[in-house]
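Everything below concerns the one structure shown next.
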Amino acid sequence: MRWCEYPGYLTGSEVFQNYGCRMFSGLWITFELVAISVTLGFALAIGLAIARLYGPRWAQSVINGYTTFFRGTPLLCQLFLVYYGLGQFRLFWQDVGLWWFFREPFYCAVFTFTINTAAYQAEILRGAIQSIPRGQFEGALALGLHRWASLRHVIIPQAMILGLRPLGNELIVMIKASAVASLVTLFDLMGATRLAFARSFDLSIYLYAALIYLVLVEIIRRVWDRLELRLTRHMALR
Amino acid sequence: MKGFVRFLAAAALTVAGVTGALAQAKEWKEVRIGTEGAYPPYNNLNAKKELEGYEIDYANLLCEKMKVKCTWVVQDWDGIIPALLANKYDIIIAGMNATDERKKQVDFTAVYNKTPIWMVGPKATKGNEITPAALKGKAVGAQGSTIHANFLEKFYKDSNPRLYPTQEEANLDLINGRLDYIVADALALSDFLNGKGKDCCKLIAEVPRDAAIHGPGVAGAVRKSDTALKALFDKAIAETMADGSNKKLEDKWFKLAATN
């Protein structure tokens, strides 16, 4: 018996045992989807948040429009627009040499999730940066620090502490939201579960899938607690 | 954990059993029919949100013969058997093939239709080889939870099977060029080849039927407890076979695409 069949064996669920391996390989795809898109999204979001706050006026309005659109429309809708919508312009993508990217459902999902989560994370970071008192920035400038240096060494480290909790929430939301990837033929955890259900008609498989998501989210919650303790250790009461 | 799941299952079975027993006790005056409404020309919701198709006409004809009042319920394919078991309707008439796997859950009426299974691909496809070896590494699409999905899973492990919530989405992805092949029954694919897929795609080959996976043909599915209902439908189906009225409806709705 392979390791991935054990949880089903131990819980006495035949369907979970039969489809355990598929579900755990689905879990890995879910993990890849979320890890890549949240990391790339975070890198994008830092740039977006800074440009949104300190950039030229036109950049501010463009970014404002971007975040409004991606925070205001359903993720599933965005995914379908990218997957089926952009997918219709095959000849164009082939001309610009990007068809290999938009052909694969995995890349389409990563792309959609990245631009979606970047919008949310940019707003989180903007709020966090804005809530650092203005005096911090002025003080840093008065000490002769360059604008970028003040941002990097004074403002952003403090803002990150404020943004950590909401960023953790965003990560958890993305894990759950990534289940929509199963609707564009990806066998992520949800996709594998749907397949198992379709073959067995045994509803209890959804319960096991829910438990796996729950465990994943709980692990992240605990890691985040540790992370916050560590980042705020200079502020802790002695 | 095990206990809790058992409890849930037992509770669900009890509810289904009780309602099933009640349903069996009554004489059938009214039958609720569940269908998908997204599988033309079998059953389809048209632009006016009305059901139309071969199975809609055919089941209404059966109801006429059985002298019962029929009402239609539209249900997503993925949940179509669970909803029957949950007593949302009494019979499934939705182009469902009577497979062994499904027989574990439901009983089937007599077979009323049997259509070939096709594999369709882009016009540029060379040859008509569809053996698993020939399709190694190719992206092959099908609708999830169907016999075609099971077929891909069993025989085309080395290909890249893609399963879609509806046939329409698989068709769209073939047009978009993400898929090298799609597999479905000849009627659904003829509809596609005569319509949206006219310019992009063609029939590659007919798929040989696998007795275990594809079953004997399309039949209605009822709860195992509803033996009287099954008998009622079996009799009406036999009548439509004998008097040629089934054939007439098949001819009306099924126009197979010209095979090259």
Side-chain angles (χ1 to χ4, degrees), chain A residues 7-19 22 76 79-80 82-94 99-108 180-188 190-208 210-211, chain B residues 1-13 76-86 99 101-106 122 139-147 149-150 152-154 160-166 168-180 182 200 213 221:
Chain A
Y9 174 72
L10 292 176
T11 48
S13 162
E14 199 188 326
V15 54
F16 191 25
Q17 187 179 338
N18 288 346
Y19 292 93
R22 281 172 172 279
L76 181 60
L79 183 62
F80 276 7
V82 168
Y83 187 76
Y84 290 113
L86 295 185
Q88 287 185 343
F89 305 109
R90 172 161 52 118
L91 294 178
F92 171 74
W93 296 121
Q94 279 172 338
W99 177 238
W100 61 271
F101 185 87
F102 286 104
R103 187 177 205 260
E104 289 306 312
F106 183 81
Y107 295 137
C108 286
V180 301
S182 67
L183 294 175
V184 292
T185 74
L186 276 178
F187 289 109
D188 68 330
M190 193 63 193
T193 309
R194 281 157 46 100
L195 184 82
F197 175 66
R199 298 294 311 272
S200 65
F201 302 108
D202 187 343
L203 263 176
S204 70
I205 196 70
Y206 281 116
L207 192 60
Y208 292 107
L211 285 174
Chain B
M1 190 64 250
K2 192 170 163 183
F4 178 63
V5 175
R6 287 260 162 86
F7 167 75
L8 279 184
L13 276 179
D76 267 357
W77 181 255
D78 271 354
I80 207 159
I81 285 182
L84 173 76
L85 299 180
T99 62
E101 199 167 51
R102 291 176 181 139
K103 276 180 196 154
K104 290 180 201 153
Q105 305 283 328
V106 295
V140 191
Q143 183 177 7
S145 326
T146 60
I147 51 172
N150 298 347
L152 287 184
E153 200 185 338
K154 182 168 174 190
N160 182 359
R162 304 264 177 86
L163 304 183
Y164 295 81
T166 68
E168 305 271 332
E169 282 157 323
N171 296 348
L172 186 57
D173 246 8
L174 182 67
I175 297 178
N176 284 352
R178 279 203 187 92
L179 295 175
D180 301 307
I182 49 177
C200 78
I213 288 216

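A, B, ... follow the sequence lines: proteins, then strands. Residue 1 opens every chain.
- For Glu169(B), the parts lying under 4.5 angstrom from a heavy atom of chain A are both the backbone and the side chain.
- By the 4.5 Å heavy-atom criterion applied to side chains, Thr11(A) and Tyr208(A) are counted as neighbours.
- Contact of Leu163(B) with chain A is made through backbone and side chain together, with heavy-atom distances under 4.5 Å.
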Query - Working for side chain to side chain contact (heavy atoms under 4.5 Å, CB included), residues Ile213(B) and Glu153(B) - result: CA-CA 10 Å; Ile213(B) 288 216; Glu153(B) 200 185 338; over 6 Å; no
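- Chosen from Asn150(B), Asp78(B), Ile175(B), the residue pairing most often with chain A at heavy-atom distances under 4.5 Å is Asn150(B).
- For chain B, no part of Leu203(A) is nearby; none of its heavy atoms comes within less than 4.5 Å.
- Just one of Pro7(A), Ser200(A), Ser204(A) meets the side chain to side chain contact (heavy atoms under 4.5 Å, CB included) condition when paired with Phe16(A); it is Pro7(A).
- Between the side chain of Arg178(B) and the main chain of Phe102(A), a donor-acceptor pair closer than 3.5 Å is present.
- For a residue to count as touching a neighbouring chain, one of its non-hydrogen atoms must lie under 4.5 Å from one of that chain's; by this rule Phe80(A) touches chain B with the side chain only.
- Salt bridge Glu14(A)/Arg199(A): absent, no basic N to carboxylate O contact under 4.0 Å.
- Contacts between Phe197(A) and chain B at a heavy-atom distance below 4.5 Å involve the side chain alone, from C-beta outward.
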